[in-house]
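Comments concern the structure below.
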Amino acid sequence: MAAEQRRLAAEDRRLAAEEEAHEEQQAEQQRLADFFEHAGIKAGLWRAFMQLVCSASGKAVTCGDQSPAHGNGLLLYSRPRKGAAFQLAGVVCPDPSALAGWPADLTILVPGRAWLSRVEEAAQSPLKVAVLDPVTKQCVHERVDPRTATLA
């Protein structure tokens, strides 16, 4: 009888934890709704995108807010080791018009080749870009150099 009560209590705790995690995920999706629209990312693919970010970096990662100073891209912070403070590590989908004077060491993260093309077209200085495709689960790091303008 006591064993059954412990099992039921453990099941109740597990279900409560799942519900809390679901509610947190829903709140995060709502918080990022404007960003998803800006970036053209389907909210349902965000979790897969963030899993790619975490596995590619090998670090704890957290999302900040959209940053007008970074082309309305979403700020991503990583922690180099447990107990250390989170530090700005990259920006997801900044508006390509904001790439003038982009810090060379600040990685741009994009969800696919279409975004990479937009960044390549707008590059005015060398850029570090991580292409993390949530559909194919592929991650490629690119070094984008500015294109030389030619006059016709």
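The analysis underlying the following values was restricted to heavy atoms, covering all of them including side chains, and did not include hydrogens, waters or symmetry mates.
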Pro94 and side-chain contact (heavy atoms from CB on, under 4.5 Å): which partner among Leu74, Ile108, Leu109? Ile108
Closest non-hydrogen atom pair, [X] against [Y]:
X: Leu45; Y: Pro134; result: O-CB, 3.7 Å
X: Ser78; Y: Lys59; result: OG-CD, 3.9 Å
X: Cys139; Y: Leu132; result: SG-CD2, 3.3 Å
X: Pro111; Y: Cys93; result: CD-SG, 3.4 Å
X: Tyr77; Y: Leu88; result: CD2-N, 3.3 Å
X: Ala104; Y: Arg143; result: O-NH1, 4.2 Å

Relative to the ring of Trp115, is the ring of His38 parallel (under 30°), tilted (30 to 60°) or perpendicular (over 60°)? tilted
Hey, does [Y] have a side-chain heavy atom less than 4.5 Å from the side chain of [X]?
X: Arg113; Y: Val140; result: yes
X: Arg79; Y: Gln87; result: no
X: His70; Y: Leu106; result: yes
X: Phe35; Y: Ile41; result: yes

Could you go step by step and tell me if Thr107 and Val129 meet the side chain to side chain contact (heavy atoms under 4.5 Å, CB included) rule? CA-CA 6 Å; Thr107 302; Val129 181; over 6 Å; no
Give a yes or no on whether [X] atom [atom1] has more than 12 heavy-atom contacts from other residues, nucleotides or ligands under 6.0 Å away.
X: Gln30; atom1: CD; result: no
X: Gln26; atom1: CD; result: yes
X: Arg14; atom1: CZ; result: yes
X: Arg31; atom1: CZ; result: yes

Does one hydrophobic cluster hold both [X] and [Y], with members joined at side-chain heavy-atom distances below 4.5 Å?
X: Phe86; Y: Leu76; value: no
X: Leu52; Y: Phe36; value: yes
X: Leu99; Y: Val91; value: yes
X: Leu75; Y: Val92; value: no

What's the verdict on side chain to side chain contact (heavy atoms under 4.5 Å, CB included) for Glu120 and Leu116, showing C-alpha distance, side-chain angles and the deciding distance? CA-CA 6 Å; Glu120 288 172 333; Leu116 176 61; 3.8 Å; yes
Please answer whether the main-chain N or O of [Y] pairs with a side-chain N or O of [X] as donor and acceptor at a distance below 3.5 Å.
X: Gln66; Y: Asn72; value: yes
X: Glu142; Y: Val131; value: no
X: Trp46; Y: Met50; value: no

Checking Glu4 against Arg7 for the salt bridge (Lys or Arg N to Asp or Glu O under 4.0 Å) test, could you report, in this order, the C-alpha distance in whole Å, the side-chain angles of both residues, the deciding distance, and whether it holds? CA-CA 5 Å; Glu4 179 65 13; Arg7 186 190 70 73; 2.9 Å; yes
How long is the span from the CD atom in Glu11 to the CG atom in Leu8, to the nearest 0.5 Å? 8.0 Å
